[in-house]
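Reading through the structure tokens given below for one structure.
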Protein chains: 2
Amino acid sequence: MILKSQVEWALHCCAILAGLPPGRYLSTKALAELHGLPKEYLSKALQSLSQASLVETTLGPSGGYRLARSPSEINFLDIVEAVEGKSRTFTCSNIRANNPCRPKDFCDSKPCSVARIMWQADEAWRNTLKSVSLADLVDTLSEDVPADIWKNTFEWVLQRAG
Amino acid sequence: MILKSQVEWALHCCAILAGLPPGRYLSTKALAELHGLPKEYLSKALQSLSQASLVETTLGPSGGYRLARSPSEINFLDIVEAVEGKSRTFTCSNIRANNPCRPKDFCDSKPCSVARIMWQADEAWRNTLKSVSLADLVDTLSEDVPADIWKNTFEWVLQRAG
DNA sequence: CATTTGCGGATATATATTGTCCTTAATAAA
DNA sequence: TTTATTAAGGACAATATATATCCGCAAATG
């Protein structure tokens with residue numbers, strides 16, 4: 001069970017969008033070149049973000065993507081679920097129902113015990129993701145990345161934004 | 001990102017093994033028929049449990065599997081990792097290194113910020129799984145499953161254990 | 001000896017992921 | 001108005017992973 005690489009791409013792209021001057025758009029091309037990613041395929045990840053209303057888009061030259069909300073109002077779970085979908089990481093196929101010792105018409109009051117526990121773990125994962133916003137990520141990044149590299153990066157992408 | 005169905009199978013099989021009289025073995029065949037699963041493929045999941053030393057095996061008629069430790073000393077994470085592997089659910093391909101604004105020989109002191117956060121969530125997931133033992137599961141199951149069905153089930157599998 | 005069993009390898013099929021190519025419509029700049 | 005650029009999305013292909021089956025081997029049982 002490994003997350004799609006598009007999740008990683010979407011997170012890094014959102015981090016850049018979060019650091020952009022207000023109102024500016026960034027194209028798929030610029031984001032792909034910055035990260036060394038296949039433009040056409042990255043586009044699918046960005047479309048997922050768009051469908052989830054995490055980003056806004058505009059067409060034409062100097063068009064592209066920008067965040068639809070403030071970085072503090074977008075969290076990791078939003079982005080992960082936009083790309084991976086919202087379904088749980090454990091699916092219960094209810095194999096207990098195959099037990100030949102159970103009456104055929106037996107109806108369970110609760111969901112399967114195994115599933116309940118697996119879903120608790122899934123929830124713990126999601127809660128952690130939900131607790132970190134893009135604003136938090138930008139804070140961490142600007143601590144980690146040397147200031148000059150950080151600054152050059154935004155000049156570089158903005159130059160490509162027309 | 002969805003867990004393999006073998007994880008579900010392994011958990012249910014372990015639940016049965018945990019409720020078995022001490023010393024008794026249960027064959028792949030019995031476990032497969034009880035749960036309505038393909039015997040040959042379930043066998044792969046049980047082999048994973050064996051390789052992880054969660055179960056002990058013996059050959060020949062009346063052979064099969066039994067837990068290698070007491071149910072209170074085996075937790076969900078043990079079983080999940082035996083089947084899914086121990087690698088994290090998020091892999092960092094270090095795409096920040098592709099940033100053209102970074103000096104070619106730049107060496108990061110810390111792992112990628114995005115990865116650190118994703119790994120925290122992964123750890124929260126694992127910690128939850130680690131906190132629930134097979135003994136806990138058996139307790140939950142015997143609350144959920146009507147006592148007579150629970151009892152019949154073990155008579156049924158033991159009858160198939162020779 | 002004959003039967004049952006776990007184990008591992010080889011192989012086949014289905015599904016998911018990754019990636020590319022193309023058309024369309026909208027937008028902005030020249 | 002014209003041209004270039006863009007996101008959106010459909011079609012398609014390549015690759016990887018998950019699911020499943022089959023076989024032979026060695027060990028254990030009676």
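Every chain is numbered from 1, with letters handed out A, B, ... down the list of sequences.
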- request: Kindly indicate, with the supporting measurements, whether the criterion side chain to side chain contact (heavy atoms under 4.5 Å, CB included) is fulfilled by A:Ile79 and A:Leu54.
  value: CA-CA 8 Å; A:Ile79 298 165; A:Leu54 300 180; 4.1 Å; yes

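- Applying the salt bridge (charged side-chain N to carboxylate O under 4.0 Å, His left out) criterion to B:Asp144, with sequence neighbours excluded, gives A:Lys110, A:Arg116.
- By the side-chain hydrogen bond (donor to acceptor under 3.5 Å, both in side chains) test, B:Ser62 pairs with no residue at all, sequence neighbours left out.
- What separates CD of B:Glu84 from C1' of D:dT17 is a distance of 11 Å, to the nearest Å.
- No option in A:Arg88, A:Lys86, A:Lys130 other than A:Lys86 meets the salt bridge (Lys or Arg N to Asp or Glu O under 4.0 Å) test with A:Glu81.
- In terms of position on DNA chain D, the residue among A:Lys44 and A:Gly64 whose nearest nucleotide sits closer to the 5' end is A:Gly64.
- Listed by first and then second residue, the ring pair (Phe, Tyr, Trp, His ring centres under 6.0 Å) pairs involving residues 57-86 of chain A amount to none (not counting sequence neighbours).
- Using a 4.5 Å heavy-atom cutoff, the side chains of B:Cys14 and B:Ile74 are not in contact.
- In the helix from C:dC1-D:dG30 to C:dA30-D:dT1, the terminal helix axes, each the rotation mapping four pairs' C1' atoms onto the next four within five end pairs, subtend 20°, rounded to 10°.
- Atom C1' of nucleotide D:dA20 and atom CD of B:Gln47 are separated by 14 Å, given to the nearest angstrom.
- Closest to the side chain of A:Thr57, from the set D:dA7, D:dT19, C:dG8, is D:dA7.
- Atom CD1 of B:Ile2 and atom C1' of D:dT17 are 13 Å apart (whole Å).
- Scanning for side-chain hydrogen bond (donor to acceptor under 3.5 Å, both in side chains) contacts around B:Ser27 gives an empty result, with sequence neighbours left out.
- Within residues 34-42 of chain B, the residues approached by DNA chain D to less than 4.0 Å at the level of any non-hydrogen atom are B:Pro38, B:Glu40, B:Tyr41, in residue-number order.
- Take B:Asn98 and apply the side-chain hydrogen bond (donor to acceptor under 3.5 Å, both in side chains) test, not counting sequence neighbours, and it matches no residue.
- Among the atoms of the strands shown, none is found under 4.0 Å from any heavy atom of A:Ser43.
- As judged by a 4.0 angstrom heavy-atom cut-off over every strand, A:Gln51 is placed among residues touching the sugar-phosphate backbone only.
- With sequence neighbours left out, the side-chain hydrogen bond (donor to acceptor under 3.5 Å, both in side chains) criterion links A:Glu56 to A:Arg66.
- Mapping A:Gly63 and A:Gln6 onto DNA chain C via the closest heavy atom, the residue that lands nearer the 5' end is A:Gln6.
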Taking only N/O atoms, report every protein-nucleotides 27-30 of chain D pair under 3.5 Å with atom names and distance.
none

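- Remark: B:Trp150 engages B:Phe154 in a ring pair (Phe, Tyr, Trp, His ring centres under 6.0 Å) (not counting sequence neighbours).
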message: Assess the residue pair B:Glu8 and A:Ser93 against the criterion (side chain to side chain donor-acceptor pair (under 3.5 Å)); give the C-alpha distance rounded to whole Å, side-chain angles, the decisive distance to 0.1 Å, and a yes or no.
response: CA-CA 8 Å; B:Glu8 183 184 13; A:Ser93 62; 2.9 Å; yes

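- We find that CG of A:Leu46 is positioned 15 Å from P of C:dT18, with the value rounded to whole Å.
- Within the 4.0 Å cut-off from OP1 or OP2 of C:dC7, at least one side-chain nitrogen or oxygen of B:Ser50 is found.
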Check: residues 29-42 of chain A side-chain donor-acceptor pairs under 3.5 Å, at least two apart:
{"unit_1": "A:Glu33", "atom_1": "OE1", "unit_2": "A:Arg160", "atom_2": "NH1", "d": "3.1"}
{"unit_1": "A:His35", "atom_1": "ND1", "unit_2": "A:Leu31", "atom_2": "O", "d": "3.0"}

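- Annotation: side chain of A:Asn152 is not in contact with side chain of A:Ile149 (no heavy-atom distance under 4.5 Å).
- The base of C:dG19 does not come close enough to the side chain of A:Lys4 for any donor and acceptor atom to sit less than 3.5 Å apart.
- Taking a 4.0 Å limit (strictly below) on heavy-atom distances, residues 11-33 of chain B does not reach DNA chain D anywhere.
- Atoms CD (B:Glu56) and C1' (C:dC7) sit 16 Å apart, rounded to a whole Å.
- In this structure, A:Met1 and B:Val7 have side chains that are not in contact, with every pair of non-hydrogen atoms separated by 4.5 Å or more.
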